[in-house]
**Student:** 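Encoded as C-alpha cells, here's the structure I'll be asking about.
Lettering of chains follows the sequences in order, A, B, ..., and the numbering in each one begins at 1.
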Amino acid sequence: MPELPEVEVVRAGLAPALAGSRIEAVTVLDPRSLTRHDGSAADFEHRLTGRRVDAVVRRGKFLWMPLGDADGRAESEAIVGHLGMSGQMLLRSSGTPELRHERIRFDIRHPTHADVAVVFVDQRTFGSLALDRLIPTPDAAAGGWGSEAPLVPTQVAHIARDPLDPAFEETVFRARLARTRSAIKRVLLDQTVVSGIGNIYADESLWAARIHPERSADDLSSRVVRRLLDEVRAVLHRALAEGGTSFDAQYVNVNGQAGYFAHSLNAYGRTGEACPRCGTPIVRVSFTNRSSHYCPRCQRRG
DNA sequence: CACGACGCCTGGTCGC
DNA sequence: TGCGACCAGGCGTCGT
C-alpha cells in the first residue's frame with residue numbers, strides 16, 4: 001500500500017491501537033518479509049517479545065514504531081517497515097485465523113483496549129520489517145509524522161523528508177532540482193530528494209501543475225517548481241482526505257477498507273479518456289520501466 | 001559522482 | 001478453457 005497517503009492512513013489507524021501497548025508474541029510465517037532485518041526470524045521474534053510500543057511514525061512511505069523496554073527506559077530501537085508494492089498492516093481481533101499471504105503477526109496487549117493481532121500481509125513480498133537502531137536527525141527536528149522525537153531508524157536516514165513534513169526544506173529541494181538534468185518525474189520518484197511520492201501522485205501532481213513528465217528538472221524556473229510543490233501537496237492532502245487510492249482490495253486501511261481517491265484521478269490510469277481540463281485524450285508512455293500518464297496538450301515539453 | 005537498468009515476487013487481465 | 005505475455009501504488013544494488 002505504497003504512496004504517502006495510503007501509508008499515512010495505515011499509520012493513523014495503527015497509532016491508537018499500538019501506542020502504549022506491549023508485544024506479547026511475534027510469529028514470523030515467512031522470513032522473506034524480514035529482508036531488512038539483520039538477523040534470523042528467531043532473533044526478530046525473541047528481541048521484540050515483551051517490548052513496549054511507544055508510537056507509530058511515518059516519513060514518506062516508511063513506517064516505524066519506537067520501542068521502549070519494560071522498565072520504561074527511553075527508546076533507542078524501533079520496528080521499521082516498508083509495505084513495498086502490496087504490503088498491508090491489518091488490525092484484527094486476537095486469535096484471528098491465519099490470513100491469505102500473512103507473513104508476520106504481532107499479538108498485542110494494551111492497558112485499556114482489548115487484545116489485538118497486528119498482521120503484516122504481503123502478496124508480493126517486496127515489503128519487509130526489521131528491528132533497527134534509532135539515530136538522531138541531523139536537523140534536530142522530529143524524525144517523522146507521529147512523534148516529536150528527533151530520531152529516525154538507520155534505514156530511513158537516507159530518505160528525504162516528505163512534502164507534508166513541517167521540516168521539509170523547500171530551498172534545498174529547489175537547489176537539488178536545479179542541478180539535476182534528469183526528467184522531473186524521475187526526480188519526484190527519487191526518495192532521497194523528496195519522499196512519499198510514487199507513480200500515481202507523480203502523474204497527478206505533474207498534470208495539475210501542467211508539466212510534462214520528461215521535462216528536465218534543471219529546466220524548471222523557481223516559479224514553476226513552487227507551483228509543482230503546491231500541487232504535490234494539494235494532491236496528497238486530497239488523497240489523504242479520501243482515505244487514499246484503491247483500485248482493488250490490495251490498498252486498504254488497517255480494517256481492510258479501501259480509499260476513494262481513485263474516483264478523483266485526472267491522469268493516472270485514464271489512457272485515452274478526455275483530459276478534464278481540455279478534453280484531449282490522456283496519453284500513456286513507457287518511462288523508466290513504468291507508465292506515465294499525461295495530457296499532451298496541457299503538459300508541453302517546452 | 002550521477003544516472004539508469006535490473007532483480008526481487010505473486011496474481012490479475014488480455015489476446016490468441 | 002488454457003496458456004503465455006504483460007501489467008501493477010517500490011526499493012536496493014550494481015553497472016556505466
Side-chain angles (χ1 to χ4, degrees), chain A residues 1-10 29-38 58-63 80-89 99-103 120-130 132 153-160 162 175-206 213-214 216-218 232 235-236 238-240 242-253 258-265 267-271 284-293:
Chain A
M1 147 91 58
E3 305 183 46
L4 186 155
E6 294 77 34
V7 180
E8 175 57 24
V9 164
V10 171
L29 288 89
D30 191 334
R32 289 178 303 175
S33 294
L34 286 180
T35 48
R36 295 174 181 280
H37 182 66
D38 184 23
R58 180 193 55 75
R59 175 188 291 199
K61 306 172 198 172
F62 278 84
L63 285 173
V80 58
H82 196 290
L83 301 173
M85 292 282 271
S86 57
Q88 305 173 336
M89 291 287 244
L99 304 178
R100 184 163 163 79
H101 302 306
E102 174 168 344
R103 310 297 182 192
F120 180 62
V121 167
D122 190 8
Q123 175 196 108
R124 294 171 69 183
T125 68
F126 287 177
S128 74
L129 307 183
D132 195 9
T154 67
Q155 296 188 23
V156 184
H158 70 292
I159 299 296
D162 62 61
R176 183 76 186 266
L177 259 55
R179 58 185 166 82
T180 309
R181 302 171 76 89
S182 294
I184 183 60
K185 177 164 177 189
R186 178 183 281 279
V187 181
L188 286 180
L189 294 175
D190 183 342
Q191 306 296 302
T192 69
V193 175
V194 56
S195 68
I197 303 168
N199 210 34
I200 292 179
Y201 299 113
D203 280 1
E204 289 302 302
S205 304
L206 290 166
E214 292 175 58
S216 180
D218 66 359
V232 165
V235 166
L236 295 177
R238 268 185 271 131
L240 209 41
E242 296 187 43
T245 302
S246 308
F247 300 127
D248 53 36
Q250 205 74 252
Y251 302 96
V252 295
N253 69 12
Y260 291 96
F261 195 68
H263 304 288
S264 306
L265 296 174
Y268 185 88
R270 301 192 68 247
T271 312
R284 171 182 175 275
V285 296
S286 189
F287 175 68
T288 322
N289 289 332
R290 346 177 59 171
S291 301
S292 280
H293 312 76

**Student:** Any idea which of B:dA5, C:dC11, B:dC3 is nearest the A:Lys61 side chain?
**Tutor:**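 For A:Lys61, the side-chain atoms sit closest to C:dC11.
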**Student:** Can you tell whether the side chains of A:Lys185 and A:Asp203 come within less than 4.0 Å, N to carboxylate O?
**Tutor:**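 Salt bridge present between A:Lys185 and A:Asp203.
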**Student:** Heavy atoms only, 4.0 Å cut-off, all strands: where does A:Tyr268 land among base, sugar-phosphate and nothing?
**Tutor:**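 Sugar-phosphate, backbone atoms only, no base.
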**Student:** Walk me through it: do A:Val193 and A:Leu177 pass the test side-chain contact (heavy atoms from CB on, under 4.5 Å)?
**Tutor:** CA-CA 9 Å; A:Val193 175; A:Leu177 259 55; 4.2 Å; yes
**Student:** Using the closest heavy atom to pick a nucleotide of DNA chain B for each, name whichever of A:Arg176 or A:Asn289 lands nearer the 5' end.
**Tutor:**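 Comparing both residues, the 5'-ward one is A:Arg176.
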**Student:** Measure from the side-chain heavy atoms of A:Met85 and tell me the nearest of B:dT10, C:dA8, B:dG4.
**Tutor:**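 Nearest listed nucleotide: C:dA8.
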**Student:** What is the distance, to the nearest angstrom, from the CD atom on A:Gln88 to the P atom on B:dC9?
**Tutor:**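 Answer to the nearest Å: 19 Å.
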**Student:** In whole angstroms, how far is the P atom of C:dC7 from the NE2 atom of A:His293?
**Tutor:**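 The distance from NE2 of A:His293 to P of C:dC7 comes to 11 Å, rounded to the nearest Å.
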**Student:** Without decimals, in angstroms, what is the distance between A:Asp30 CG and B:dT10 P?
**Tutor:**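 One finds 9 Å between P of B:dT10 and CG of A:Asp30, rounded.
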**Student:** Got a donor-acceptor contact below 3.5 angstrom from the A:Gln155 side chain to the A:Val80 backbone?
**Tutor:**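 Not at all, since once roles are kept as given, no pair shorter than 3.5 Å links the two residues.
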**Student:** Can you list every stem that DNA chain C is part of, counting only runs of 3 or more consecutive Watson-Crick or G-U wobble pairs with both distances under 3.5 Å?
**Tutor:**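 For DNA chain C the paired stretches long enough to count as stems (3 pairs minimum) are B:2-8 with C:10-16, B:10-16 with C:2-8.
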**Student:** Could you give the distance separating C:dC11 and B:dG12 at their P atoms, to the nearest angstrom?
**Tutor:**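 These two P atoms come out 24 Å apart once rounded.
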**Student:** Touch check for A:Thr245, heavy atoms < 4.0 angstrom, all strands: base, sugar-phosphate only, or nothing?
**Tutor:**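 Base contact - A:Thr245 has a heavy atom under 4.0 Å of at least one base atom.
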**Student:** Does the side chain of A:Ser182 get closer than 4.0 angstrom to OP1 or OP2 of B:dG4 through an N or O atom?
**Tutor:**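 Result: yes.
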**Student:** Can you tell which of B:dA5, C:dG12, B:dT10 lies closest to the side chain of A:His158?
**Tutor:**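 The closest nucleotide is C:dG12.
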**Student:** For C:dA8, take OP1 and OP2 only and decide whether either is under 4.0 Å from a side-chain N or O of A:Ser291.
**Tutor:**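 Answer yes for this pair, as a side-chain N or O of A:Ser291 is under 4.0 Å from OP1 or OP2.
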**Student:** Could you tell me whether A:Thr35 contacts a base, only the sugar-phosphate backbone, or nothing, with contacts defined as non-hydrogen atoms closer than 4.0 Å?
**Tutor:**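 Nothing: the residue A:Thr35, judged by heavy atoms under 4.0 Å, touches no strand.
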**Student:** Can you check the A:Asp122 CG to B:dG11 P distance for me, whole Å?
**Tutor:**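 Between P of B:dG11 and CG of A:Asp122: 11 Å.
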**Student:** Counting only heavy atoms not in A:Phe247, do more than 12 fall under 6.0 Å of its CZ?
**Tutor:**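 Yes - once you tally the heavy atoms of other residues, nucleotides and ligands closer than 6.0 Å, there are more than 12.
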**Student:** In whole Å, I'd like the distance from the CD atom of A:Gln250 to the C1' atom of C:dC7.
**Tutor:**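 Whole-Å distance recorded here is 14 Å.
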**Student:** Test your reading of the model: is there a side-chain donor-acceptor pair from A:Ser86 to the backbone of A:Asp122, 3.5 Å cut-off?
**Tutor:**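 No: the side chain of A:Ser86 does not pair with the backbone of A:Asp122.
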**Student:** Nearest to the side chain of A:Thr180, heavy atoms from C-beta on, is which of C:dG12, B:dC9, B:dC3?
**Tutor:**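 Shortest atom-to-atom distance from the side chain points to B:dC3.
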**Student:** Rounding to a whole Å, what distance do you find between A:Asp190:CG and B:dC1:P?
**Tutor:**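 Nearest whole value for this atom pair: 15 Å.
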**Student:** A side-chain contact here means heavy atoms from C-beta on lying under 4.5 Å apart; do A:Arg58 and A:Leu4 qualify?
**Tutor:**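 The answer is yes, as the side chains (C-beta and beyond) meet within the 4.5 Å cut-off.
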**Student:** Rounded to the nearest angstrom, tell me the gap between atom CZ in A:Arg100 and atom P in B:dG11.
**Tutor:**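 Answer to the nearest Å: 5 Å.
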**Student:** Measure NE2/A:His101 against C1'/B:dG12 and give the value in whole Å, please.
**Tutor:**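 The answer, rounded to whole Å, is 11 Å.
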**Student:** If only side-chain N and O atoms of A:Gln191 are considered, is one of them under 4.0 Å from the OP1 or OP2 phosphate oxygen of C:dC11?
**Tutor:**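 Looking at the OP1 and OP2 atoms of C:dC11, one of them is under 4.0 Å from a side-chain N or O of A:Gln191.
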**Student:** Mind checking if A:Arg284 touches a base, just sugar-phosphate, or nothing, with heavy atoms under 4.0 Å?
**Tutor:**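 Sugar-phosphate, no base atom in range.
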**Student:** So if I take every side-chain heavy atom of A:Arg179 and compare against B:dA2, B:dG4, C:dC11, which nucleotide ends up nearest?
**Tutor:**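 For A:Arg179, the side-chain atoms sit closest to B:dA2.
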**Student:** Would A:Phe126 pass as stacked on C:dC11, i.e. its ring centre under 5.5 Å from the base's six-membered ring centre and planes under 30° apart?
**Tutor:**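 Per 5.5 Å and 30° rule: no stacking.
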**Student:** May I ask you to test the A:Val285-A:Glu214 pair for a side-chain heavy-atom distance under 4.5 Å?
**Tutor:**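 Yes, close enough: below the 4.5 Å cut-off.
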**Student:** For the side chain of A:Arg124, counting heavy atoms from C-beta on, which of C:dA8, C:dC11, B:dC3 is nearest?
**Tutor:**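 From the listed options, C:dA8 comes nearest.
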**Student:** Where the side chain of A:Arg36 is concerned, which of B:dC9, C:dC11, C:dA8 is the nearest nucleotide?
**Tutor:**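 Shortest atom-to-atom distance from the side chain points to C:dC11.
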**Student:** Strictly distance-based, threshold 3.5 Å: is any side-chain N or O of A:Gln88 a donor or acceptor partner for the main-chain N or O of A:Ala249?
**Tutor:**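 Yes; judged by distance alone, with no hydrogens or angles, the pair exists.
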**Student:** Find out whether A:Tyr201 and A:Pro5 are in side-chain contact, i.e. whether some heavy atom of one side chain is under 4.5 Å from a heavy atom of the other.
**Tutor:**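 With C-beta onward as the side chain, the pair touches.
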**Student:** At less than 4.0 Å, is any side-chain N or O atom of A:Arg186 found next to OP1 or OP2 of B:dA5? Yes or no.
**Tutor:**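 Indeed, a polar side-chain atom of A:Arg186 lies that close.
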